[in-house]
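So you know, we letter chains A, B, ... as the sequences are listed, proteins then strands, and number each from 1. For clarity, every value in this text was computed on a predicted model and none was experimentally measured. Reckoned from all heavy atoms, side chains included, excluding hydrogens, waters and symmetry mates.
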Amino acid sequence: MKVLTANRLIDGEAVWLAADHSWSETIAAAEVARDDASREKLERAGKAALLKNEVVDVNLIDVAMEDGEIVPLRLRERIRAAGPTTHPQFGKQARPRIAQAA
Amino acid sequence: MYRYDEFDHGFVTARVAEFRDQVERRLAGEITEDQFKPLRLMNGVYLQLHAYMLRIAVPYGTLNSRQMRMLAHIARTYDKGYGHFTTRQNIQFNWPALADIPAILNDLASVEMHAIQTSGNCIRNVTADHFAGAAADEVADPRPYAEILRQWSSVHPEFSYLPRKFKIAVTGAERDRAAIQVHDIGLHLKRNEAGELGFAVWVGGGQGRTPMIAKKIRDFLPERDLLSYVTAIMRVYNLHGRRDNKYKARIKILVHETGAEEFARQVEAEWEALRDSELKLPDADIRAIETYFAPPPLTARPEGDETVKLARLDSRSFGAWLERNVVSHRHPDYAAVTISLKGIGEAPGDATDVQMDAVADLAERYGFDEIRVSHEQNLILPHVARADLKIVHERLVEIGLATANAGLVTDIIACPGLDYCALANARSIPVAQDISRRFASAERQREVGELKLKISGCINACGHHHVGHIGILGVEKKGAELYQITLGGSADENTSIGEIVGRGFGPDEITDAIETLIDTYLGLRASREENFLQAYRRVGAQPFKDALYGQEAKAA
Ligand code: SF4
């Protein structure tokens, strides 16, 4: 399973591509590609977003579903999705859960 | 300290305007990321895991209180209220928006600071002994030469596209506190028999993937020849350094492959053609730069001895701090103070905006307006009257910066690692924090004595792990963090590169492993006076390996 991630051009915020082709600030809203066709769709959307200068550093990353939540396989991506482990008061982990679910 | 002249002001302001335009064009979509990336890097802007990162140059680690307050202002206004002081004596902000960076650079320019050449394959911030100008043991302040090198190397057209980045360090004392032997060029300021100033020149040191100790290619270079000789080195490197392989592009590989003697011969040949050129430094110019670094008016404050004596009787914590964080000054009534950014369990090198402001206040009030950033990620007040030490200590206690651990096991160097850095393989900061907590007891730290523990989150070695008495390198193995330990490294006048001790340890094991190593040392040291490194050099790695892997080794 894969999701498409990038950093937003204007402020570098880590973002993930959502089903409606907007860039979400939380991984919870990411569209998960479960087959080749949807993976290619994500890649195409990523290329288009790069050309539109919305985001930079676009990457497809491996994820798994755990208790209904999208969890990246690599620690690096888990840290991107949450924020620095040393500063729980900063990054996405500091936001109210409700905002993430929205 | 150095003050910008009109040329400097004009140059930095023009650069800010240029970058503002580049950012605007990027945000408007007029230039692509591929076009923009080299431009942003030239201005110190990186992209990390959570946001952009801005690395600001602190030339030879010297700041005044106005500049420190500006850093606090930036932390507060554009970032999340803190900054990270680095092993290159610089500061990094972890959360600025790209759209805000021109405004930040503009603010910096107003206090004579910038972020130029904090990235890219150019000559990076020149570093110097953090006690420069204060140390009792130096022959002269090395910073005027660092400043001359800074001016010469800033946007130097010939050396802006080197095979790889290039780092220069300068020290003015026999006791090397600037790690010159692990720099591309290390300069040791000294006097010859005739009493003239000049440099021993070391070339080809470095850390990273292939750590190497620099070779001394000249024992005495007269000060007037500084720029012509360094230019000669740069030319030989620029011509012959490898551009085909990033991992072999640093000058250390060239020196190693060419041989130090042959390399020195090529430099001397190149220098012959240059030494009488316009690069020869007129004495008047050197002395003019020197005046910017004239020592502050250190008036006699003989009451210091009595005040310190009384304060010691009064407070044990003051006594402990005095012992660890205060070193002697060339003026007997003064001292240099290390402000530890290594509070127990804190992220090494981090300081909040409030702390930065408070340090600025202290420098202004009690420190002749001078602050230094050390490559060990601490701050220094280089000139404090001994009579004022007590009050300085009290203020530091108030802002949580009075940890009495300079040079001890909890004074850990750690790079940002996987919590921030896009190149990282493993986290560094949590490892440092955990070790720090394990050794929190001041008594235990004192018992262990001087110990340099350094942690990097990848082989780029920003955390200087190769030269830690104990070094920790984070790697990624099968998707998990693993920490390799090296022992016996050192970055002083007897530089050595640490040796890998054996298989790595997981995040839950590394602190125990470090404790095992330290207990082993305590058990085998010849006396309290023999520190970890000395003991390691005497007995070698075996007792430490046995302690770490004893069971396995027997089973194997
Ligand atoms: S050593 Fe590696 S992980 Fe640490 S700051 Fe440098 S590049 Fe990043």
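- Ring centroids of B:Y82 and A:F90 are separated by less than 6.0 Å, placing the two rings close together.
- For the pair B:R40 and B:E33, the salt-bridge criterion is met [side-chain N within less than 4.0 Å of a carboxylate O].
- If you measure heavy-atom distances from B:P416 to chain A, you find no contacts under 4.5 Å at all.
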Residues B:H73, B:D107; criterion side chain to side chain donor-acceptor pair (under 3.5 Å); working and verdict: CA-CA 9 Å; B:H73 162 79; B:D107 286 351; 3.2 Å; yes
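- For B:A422, the parts sitting under 4.5 Å from any heavy atom of chain A are the backbone and the side chain alike.
- The pair B:R427-B:E481 counts as a salt bridge, with a side-chain nitrogen and a carboxylate oxygen less than 4.0 angstrom apart.
- The pair A:R39-A:D35 fails the salt-bridge criterion, with no side-chain N (NZ, NE, NH1 or NH2) lying under 4.0 Å from an Asp/Glu carboxylate O.
- Within the 4.5 angstrom heavy-atom criterion, no atom of B:N425 approaches chain A.
- Using cut-offs of 30° and 60° for the angle between ring planes, the B:F19 and B:F36 rings count as parallel.
- When all heavy atoms of B:F439 and B:E515 are compared, the pair lying nearest together is CZ-CA, 3.9 Å.
- Taking non-hydrogen atoms and a 4.5 Å limit, the residue list of residues 49-64 of chain A in contact with chain B, ordered by number, reads A:N53, A:V56, A:D57.
- Of the charged side-chain nitrogens involved, at least one lies within less than 4.0 Å of a carboxylate oxygen, so that A:R80 and A:E77 count as a salt-bridged pair.
- Of all residues in residues 10-21 of chain A, those placing a non-hydrogen atom less than 4.5 angstrom from a non-hydrogen atom of chain B are A:I10, A:D11, A:G12, A:E13, A:A14.
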